[in-house]
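This report concerns only the one structure given below.
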Amino acid sequence: MKHLTEYRDPELAKKVLHEIEKITTKPWKIMEICGGQTHSLVKNGILTVLPKNITMLHGPGCPVCVTPLHLIDKAIYLAVEKKVILCSFGDMLRVPGSKKSLLEAKAEGADVRILYSPTEAVNIAKENPDKEVVFFAVGFETTAPANALSVLHAEKLGLKNYSILNSHVLVPPAISALMEDPESTIDGFLAAGHVCSIMGYWEYYPLVEKYKIPIVVTGFEPLDILQGIYATVKQLEEGRAEVDNQYARMVKEEGNTSAQGIINQVYEVSDQMWRGIGTIPESGLVLRKEYENYDANLKFKIDIEKAPENAECIAGSIMKGIKKPYECVHFGKMCNPQNPLGAPMVSSEGACAAYYNFSKFKEIV
Amino acid sequence: MCLAIPGKIISIDNQIDDLFRLAKVSFDGIIKQVNLAMVPEAQIGDYVLVHVGSAISVVDEEEAKFTMNILMNMDELGELDEGENLLENETN
Ligand code: SF4
């Protein structure tokens, strides 16, 4: 294993970049799934230094961006109409619902609380036995065990006033859906390091087989990402399509089996609606029947109308790698972080926000 | 949101059962409650990688310090400031 401080050595980064330049002979389009990596790519200026032949596409790995509009409306309904204590990760608060955001609901007096972890929501439920507490449980595989644990925790404490509003998405079915899209031009994927620290990477073997695309498990630091890109390009240039692990210092093939056990105990796989993209078969997690008492949907019999998506926002095409944020006519004009039309402009992992906040990169093609 | 931050286990103070252990973890002085259910092997003094209040893996000290440094330089630790049971200082 390399000495760890090397992972941010600018000289080493230059070397890897040079290696990438040396081996690249054809144009390649590589998608990073994870919004954290999108952020790192843009913020650290990696997009500006990559060879012209390499195009990075920014994938759907932004949990806030893919949480359905309907669910945000439901969260607001619970906070405003049902007067629950609605707990959420901070990122969700400014995402526009069909009428308002959770932040606006909070400003109007609803009890909306920003938490660092679902455990804190369980603690709030324990301290407020006369109030209903709902946790807005969104996320990918990385976050699923923590949200599942909150349900197990509430059960162990015998709490009856805790439930979750759940929207969980899974990476491998999303890769299939992206590859099946006739407009897709993706040549290879960087898989998200922390998702794989939970799930491992055995799930990707059938995908590289079927779609003949390299998938490289990649970390988050600039040098990690450059190495991930290098490993992907190398496979592409040599005509290989394999699963490769750049992030071996954190990711094992089998992942964290305790975490997988916790997910499987509480959740089961189901079809899932991705905001902007549509329903992807078997791409989500829902509470198992044994835990349905913790499902806020059932507990509060939420029955509100499904509002249509804002047709002006092209977030779906961006997350499928078909368009770039600056190709949206509203980017930086009608849509900006103060006045967002779509979720990718407010989430810290959204591609539109990344391009807007580091706008000198917005010219890059 | 998918960020994971390394911290050091300073005490394990609530063991509900074999699986369910709640620990105090210090993130460079900021103390948070962390669930250890996914890292049954973790002990006091170990460094763990923590994502939204649950430890997802045990990491070595060098990796922990290195990642923490990067996150600090990248201004990525804002999430730790969120939350109700706010921060106490390790020295208090
Ligand atoms: S710039 Fe705004 S409106 Fe355009 S795709 Fe991004 S979030 Fe949607």
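To find a chain, count down the sequence lines: A is the first, B the second, and so on, and within it residues start at 1.
- Minimum interatomic distance between B/I44 and B/I10 (heavy atoms only, all atoms of both residues): CG2-O, 3.8 Å.
- A/Q265 and A/Y291 share a donor-acceptor pair across their side chains, judged by distance under 3.5 Å alone.
- Judged by distance alone, the side chains of A/T38 and A/E32 do bring a donor and an acceptor atom under 3.5 Å apart.
- Per-residue heavy-atom pair counts under 4.5 Å with chain B were compared for A/G36, A/S197, A/P118, and the maximum is reached by A/P118.
- The candidate with the highest count of non-hydrogen atom pairs below 4.5 Å against chain B, out of A/P145, A/A121, A/S347, is A/P145.
- Looking at A/L149, the atoms closer than 4.5 Å to chain B (heavy atoms on both sides) sit in the backbone and in the side chain alike.
- When only modelled atom types and interatomic distance are considered, A/N147 and A/T143 share no side-chain donor-acceptor pair under 3.5 Å.
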